[in-house]
There are 2 protein chains.
Amino acid sequence: MTDTTVKTIADLTREFGVTARTIRFYEAEGMLSPERAGTQRLYHPRDRVRLKLILRGKRLGFSLAEIREIIDLYDSAPGEVAQLHHFLDKIAERRADLAQKQRDIEVTMKELQQVEESCRSRLSELAPRDGREAAE
Amino acid sequence: MTDTTVKTIADLTREFGVTARTIRFYEAEGMLSPERAGTQRLYHPRDRVRLKLILRGKRLGFSLAEIREIIDLYDSAPGEVAQLHHFLDKIAERRADLAQKQRDIEVTMKELQQVEESCRSRLSELAPRDGREAAE
DNA sequence: TTGTTTCTTGACGTTAACGTAAACGTCAAC
DNA sequence: GTTGACGTTTACGTTAACGTCAAGAAACAA
């Protein structure tokens with residue numbers, strides 16, 4: 001019975017749409033640490049989760065350094081009091097950062113809606129009855 | 001009566017927290033085009049708006065090329081039918097992109113909340129009565 | 001056994017987005 | 001009339017995040 005949860009690097013490239021070079025690069029940066037079967041890399045679910053986190057961070061425009069920090073927050077050991085407070089500070093930073101991004105997105109969304117509306121109204125002037133409602 | 005809406009490059013660096021090099025770089029990339037008083041640059045409100053758009057795009061993790069595209073959407077001339085449809089497609093792309101980012105942010109926010117909670121609970125184990133409520 | 005993939009490890013190349021330094025103009029203030 | 005404080009251009013340097021070979025090992029298929 002072959003364990004289908006253990007993946008090869010090619011599997012990951014297909015699953016996540018990134019190159020093998022990229023995956024190995026993340027490992028070289030210490031952000032992934034797949035098991036080895038001799039020379040070959042074996043990726044377990046935990047590695048896939050990590051990669052997913054990395055790519056999500058990238059989509060949000062975080063640098064790998066920032067992503068590493070975030071991930072470190074996730075799977076860090078309990079720690080002592082001072083360190084826990086430090087964690088809470090880090091978390092607060094990230095949350096403020098994300099909140100800023102949310103506001104930026106909202107504003108941009110609204111602006112794009114404006115542009116889209118003026119686009120559509122000009123379209124209906126130029127080519128009446130060429131809307132998108134009845135189509136498809 | 002001096003026009004306080006016209007700013008120098010140093011004004012912008014202070015207002016937006018970026019270096020003059022950065023501002024000139026954006027100009028070299030064709031994303032800003034300030035007026036010139038001889039050799040010196042004069043930034044009008046429209047330039048400040050543009051810079052604001054650029055920096056917002058950066059916060060959202062867009063590349064300058066993408067930001068340029070977005071800005072071009074904003075201040076492009078009416079255009080013909082085909083081009084308008086093309087615009088609408090571009091807008092749809094960007095909106096999908098932003099929607100993805102929103103989802104990513106929500107998930108990340110929730111994860112961070114989890115981490116924060118477990119942090120706080122461990123803190124209350126280690127150092128009871130050291131909460132943050134009554135503080136400050 | 002012999003190909004044909006698929007993997008591996010170097011190692012150098014590339015692009016975006018600026019940083020940094022040199023060398024020079026300009027204009028108000030002392 | 002020179003001294004700063006600001007501005008300019010030109011040009012080379014830097015960093016992050018990979019891309020792109022090259023050359024060999026391993027596994028799998030015919």
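Labels below follow one simple rule: chain letters A, B, ... track the order of the sequence lines, proteins then strands, and each chain is numbered from 1.
For H86(A), the NE2 atom sits in a loose shell: 12 or fewer heavy atoms of surrounding residues, nucleotides or ligands are nearer than 6.0 Å.
When rounded to the nearest whole Å, the span between CG of L32(B) and P of dT8(D) equals 13 Å. In this structure, CZ of R21(A) is placed 14 Å from C1' of dA22(D), rounded to the nearest angstrom. The distance between atom CZ of R24(B) and atom C1' of dT10(D), rounded to the nearest whole Å, is 12 Å.
Taking CG from L112(B) and CD1 from I91(A), the interatomic distance works out to 6.5 Å, rounded to the nearest 0.5 Å. Distance check, rounded to the nearest 0.5 Å: CD1 of I105(A) to CG of L98(B) gives 5.5 Å.
Side chain of Q100(A) to main chain of D97(A): no donor-acceptor pair is present (N/O by atom type, distance under 3.5 Å, no hydrogens or angles).
Comment: E116(A) does not engage K110(A) in a salt bridge, judged by the lack of any side-chain N to carboxylate O separation of less than 4.0 angstrom. By the 4.0 Å N-to-carboxylate-O rule, E27(A) lies too far from R50(A) to be salt-bridged with it. Using a cutoff of 4.0 Å between basic side-chain nitrogens and carboxylate oxygens, R14(A) and D11(A) are scored as salt-bridged.
Side-chain contact between R68(B) and I71(B): absent, with no pair of heavy atoms (C-beta onward) separated by less than 4.5 Å.
A heavy atom lying under 4.0 Å from DNA chain D marks the following residues of residues 36-72 of chain A, by number: K58(A), S63(A), L64(A).
Chain B approaches DNA chain C over the interval dA17(C) to dT20(C), counting the first and last nucleotide 5' to 3' with an atom under 4.0 Å from its heavy atoms.
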